[in-house]
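In what follows, chains are A, B, ... by sequence order, proteins preceding strands, each numbered from 1.
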Amino acid sequence: GEDVEQSLFLSVREGDSSVINCTYTDSSSTYLYWYKQEPGAGLQLLTYIFSNMDMKQDQRLTVLLNKKDKHLSLRIADTQTGDSAIYFCAETGTGKLIFGQGTTLQVKP
Amino acid sequence: ETGVTQTPRHLVMGMTNKKSLKCEQHLGHNAMYWYKQSAKKPLELMFVYSLEERVENNSVPSRFSPECPNSSHLFLHLHTLQPEDSALYLCASSQAPAHEQYFGPGTRLTVT
């Protein structure tokens, strides 16, 4: 079945770049998404990439997609304390959205 | 009114109570979802409604009963819950299944 895997925890210093990685199994995914969840809140759609793209940049966010390896990454440049949250990747597998288990990003001042 | 709203934001209930969670979306979407988020567990999809018809039910216990009276409203009726049902319940909507989903803030449920 479809599966989405993420590492559970990442800690960086303020001002550094963060890279959150995700692997997925469904090669038929059309879109891949990154969501952010701040404490006590729902998930907020951050950005997405269409499966025929390699890269998408949106201000401090860069999404890289390696379709051959089924690997997706989210790079946050100049990470701020306000970026501390749980980040979920998701892919559109067979008519539904499949979420990873989330990566907790801790930003140290 | 912001995209997806949920009420109540917090709920404490005993195991013999009956309560309902409400979700409303103002985005003109056609699909709505209930998710359960427990500590240190992946997000669990519970129910999917598309055009007010249930299209997926991931083997959720019958003590959870969804209702989708129209494309803007979704309810989750709760009865005789167990302590392990304590979690954050998230509602989401999308234009269609497998499209990007927009989430509400969640209802934090505690079963005592």
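Looking at B:S94, its side chain does come within 3.5 Å of a backbone N or O of B:A96 through a donor-acceptor pair. In this structure, the side chain of A:T25 engages the main chain of A:D3 through a donor-acceptor pair within 3.5 Å. The backbone N or O of B:A31 sits nowhere less than 3.5 Å from a side-chain atom of B:S93 that would complete a donor-acceptor pair. When atom types are taken as modelled, the side chain of A:Q80 and the backbone of A:G82 share no donor-acceptor pair closer than 3.5 angstrom. Judged by distance alone, the side chain of A:Q101 and the main-chain N or O of A:L8 form no donor-acceptor pair under 3.5 Å.
Proximity to chain B at a heavy-atom threshold of 4.5 Å picks out A:Y33, A:Y35, A:Q37, A:G40, A:A41, A:G42, A:L43 from residues 31-43 of chain A, in numerical order. Below 4.5 Å, heavy atoms of chain A meet heavy atoms from B:F103, B:G104, B:P105, all part of residues 103-112 of chain B. Contact annotation for residues 47-77 of chain A against chain B (heavy-atom separation below 4.5 Å): no residues qualify.
Identified under the salt bridge (charged side-chain N to carboxylate O under 4.0 Å, His left out) test for residues 78-90 of chain B, with sequence neighbours left out: B:R63-B:D85.
Minimum interatomic distance between A:S11 and A:F9 (heavy atoms only, all atoms of both residues): CB-CE2, 3.9 Å. Scanning all heavy atoms of the two residues, the minimum distance from A:G100 to A:F88 falls at O-CD2, 3.3 Å.
Annotation: side chain of A:T79 is in contact with side chain of A:S18 (closest heavy-atom distance under 4.5 Å). Using a 4.5 Å heavy-atom cutoff, the side chains of B:C91 and B:W34 are in contact. Between B:S71 and B:H29 the shortest side-chain heavy-atom distance does not fall below 4.5 Å. Side chains of B:L74 and B:Y49 form a contact here, defined as non-hydrogen atoms less than 4.5 Å apart.
The part of B:Y35 that comes within reach of chain A is its side chain, from C-beta onward, which places non-hydrogen atoms under 4.5 angstrom from that chain. In this structure, the portion of B:Q37 lying under 4.5 Å from any heavy atom of chain A is its side chain and not its backbone.
Side chain to side chain, B:S72 and B:Q25 fail the donor-acceptor criterion of an N or O pair below 3.5 Å.
Residues B:M15 and B:L21 share a single hydrophobic cluster, defined by chaining ILVMFWY side chains whose heavy atoms lie under 4.5 Å apart.
Comparing B:L88, B:L43, B:L45, B:V4 by how many heavy-atom pairs each has under 4.5 Å with chain A, the most go to B:L43.
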